[in-house]
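FYI, the numbering just counts along the sequence from 1.
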Amino acid sequence: MISETMENAVNEQINKEMYSAYLYLSMSSYFESINLKGFANWMYVQYQEEVEHAMKFYEHLKNRGGKLKLFAINEPPSEWKSPLDVFQATLKHEQFITKSINELVDIAESEKDRAAYNMLQWFIDEQVEEEANDEEIIAQLEMVEESRNGLLMLDRELAKRGAAAD
Ligand code: FEO
């Protein structure tokens with residue numbers, strides 16, 4: 001049985017993951033609006049992954065006799081200044097999520113909740129990967145700067161990200 005403190009924290013995390021999904025779907029639509037279909041695809045896959053993250057937390061809650069509480073999802077922004085601006089915002093958001101996952105680990109440790117601790121290890125690894133992906137794309141965007149050719153090449157690269165990729 002999950003503790004009330006962990007149940008609340010997991011419910012809050014589900015809300016953060018669903019907000020992440022909203023944010024990335026909004027970013028995907030922004031990229032569609034500026035005709036960068038590859039970037040839009042990358043963000044759409046990211047949106048799908050965030051829903052999966054929320055569901056992983058829900059499965060954990062369900063399997064441990066916890067009760068789901070769905071909170072209202074905040075409205076994400078819908079406009080950005082540039083692709084670089086989008087990815088800087090993405091990295092900042094993922095750093096916030098990493099902090100939140102770390103706080104969940106702290107609760108699991110203080111409560112000696114080994115089941116939650118185990119489940120959270122997957123998220124620790126996932127956050128390392130997500131931040132690294134964002135940093136890589138930021139570095140590439142900084143390299144191409146205002147070059148339209150460079151941006152189109154990167155767009156073609158990001159178009160390859162498939163739904164099954166992490
Ligand atoms: Fe669910 Fe992007 O972390």
Side-chain angles (χ1 to χ4, degrees), residues 1-33 38-80 83-138 158 160-166:
M1 188 80 188
I2 199 163
S3 76
E4 202 181 324
T5 309
M6 186 55 92
E7 180 184 88
N8 289 338
V10 168
N11 275 318
E12 278 172 26
Q13 189 64 34
I14 288 171
N15 182 264
K16 288 173 191 162
E17 301 291 346
M18 292 304 275
Y19 174 79
S20 305
Y22 257 39
L23 178 64
Y24 298 146
L25 185 59
S26 185
M27 287 170 166
S28 179
S29 175
Y30 163 77
F31 281 125
E32 292 280 354
S33 77
F39 280 89
N41 169 68
W42 194 96
M43 273 301 170
Y44 190 83
V45 174
Q46 194 60 39
Y47 147 74
Q48 290 175 313
E49 281 197 14
E50 297 302 346
V51 175
E52 284 171 19
H53 295 173
M55 289 305 111
K56 263 184 204 282
F57 279 111
Y58 175 52
E59 281 300 312
H60 182 80
L61 203 61
K62 207 171 63 173
N63 291 339
R64 299 193 59 213
K67 175 115 177 40
L68 176 68
K69 173 98 178 70
L70 289 173
F71 302 113
I73 304 169
N74 289 334
E75 182 181 330
S78 54
E79 285 298 331
W80 289 269
L84 181 59
D85 186 34
V86 173
F87 275 91
Q88 282 167 338
T90 301
L91 177 61
K92 200 167 161 225
H93 180 67
E94 287 303 330
Q95 287 166 339
F96 162 74
I97 296 292
T98 299
K99 190 167 168 279
S100 181
I101 299 284
N102 288 341
E103 284 163 6
L104 279 168
V105 174
D106 289 344
I107 297 171
E109 278 179 337
S110 75
E111 294 191 340
K112 299 194 188 324
D113 182 342
R114 289 171 180 92
Y117 184 86
N118 254 356
M119 177 271 297
L120 288 163
Q121 297 315 298
W122 184 90
F123 282 95
I124 301 260
D125 292 341
E126 176 70 8
Q127 284 310 118
V128 170
E129 196 184 311
E130 291 211 7
E131 287 192 30
N133 289 342
D134 295 339
E135 281 164 359
E136 189 184 331
I137 296 171
I138 287 172
L158 298 185
K160 293 179 194 157
R161 186 181 189 191
D166 280 328

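Remark: Leu104 CG to Thr5 OG1 distance equals 11.5 Å, nearest 0.5 Å. A distance of 8.0 Å separates CG in Leu158 from CG in Asn41, rounded to the nearest 0.5 Å. Here the straight-line distance linking atom OG1 of Thr98 with atom CD of Glu126 works out to 10.0 Å at 0.5 Å rounding. A distance of 10.0 Å separates CG in Leu23 from CD in Gln46, rounded to the nearest 0.5 Å. Here Tyr58 contributes atom OH and Lys56 contributes atom NZ; the two are 16.0 Å apart, rounded to the nearest 0.5 Å. Atom OG of residue Ser26 and atom CH2 of residue Trp80 lie 3.5 Å apart, to the nearest 0.5 angstrom.
Using a 4.0 Å cut-off between charged side-chain N and carboxylate O, Glu50 and Lys16 make no salt bridge.
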Take Gln127 and Glu131 through the test side-chain hydrogen bond (donor to acceptor under 3.5 Å, both in side chains) and record every step on the way to the result. CA-CA 6 Å; Gln127 284 310 118; Glu131 287 192 30; 4.8 Å; no

Is there a side-chain hydrogen bond (donor to acceptor under 3.5 Å, both in side chains) between His93 and Ser20 once you walk through the steps? CA-CA 8 Å; His93 180 67; Ser20 305; 2.9 Å; yes

Might you work through the salt bridge (charged side-chain N to carboxylate O under 4.0 Å, His left out) test for Lys92 and Asp134, ending with a clear yes or no? CA-CA 9 Å; Lys92 200 167 161 225; Asp134 295 339; over 6 Å; no

Passes side chain to side chain contact (heavy atoms under 4.5 Å, CB included), Leu84 versus Ile138? Steps please. CA-CA 6 Å; Leu84 181 59; Ile138 287 172; 4.0 Å; yes

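In this structure, Arg114 and Lys112 have side chains that are in contact, with non-hydrogen atoms separated by less than 4.5 Å. Looking only at side-chain heavy atoms (C-beta outward), Tyr44 and Phe39 stay at 4.5 Å or farther from each other. The side-chain heavy atoms of Tyr30 and Met43, taken from C-beta on, include no pair separated by under 4.5 Å. Here the side chains of Glu59 and Met119 are not in contact, with every heavy-atom distance at 4.5 Å or above. Looking only at side-chain heavy atoms (C-beta outward), Phe123 and Ser100 stay at 4.5 Å or farther from each other. Side-chain contact between Glu52 and Glu17: absent, with no pair of heavy atoms (C-beta onward) separated by less than 4.5 Å. Contact check for Asn15 versus Ile73: side-chain heavy atoms found under the 4.5 Å cut-off. Counting heavy atoms from C-beta on, the side chains of Ile14 and Asn11 come closer than 4.5 Å.
At distances below 3.5 Å, at least one donor-acceptor pair connects side-chain atoms of Gln121 with backbone N or O atoms of Tyr117. For Thr90 (side chain) and Val86 (main-chain N/O), a donor-acceptor pair under 3.5 Å exists by modelled atom type.
For Trp122 and His60, the ring centers are positioned 6.0 Å apart or more. Between Trp42 and Phe87, the distance separating the two ring centers is shorter than 6.0 angstrom.
Shortest non-hydrogen contact noted between Asp113 and Ala116 is OD1-N, 3.0 Å. Closest heavy-atom contact between Gly66 and Glu7: CA-OE2, 3.3 Å.
Within 6.0 Å of CE in Met6 there are more than 12 heavy atoms belonging to other residues, nucleotides or ligands. Under a cut-off of 6.0 angstrom, the local environment of CD in Glu75 is sparse, with at most 12 non-hydrogen atoms contributed by other residues, nucleotides or ligands.
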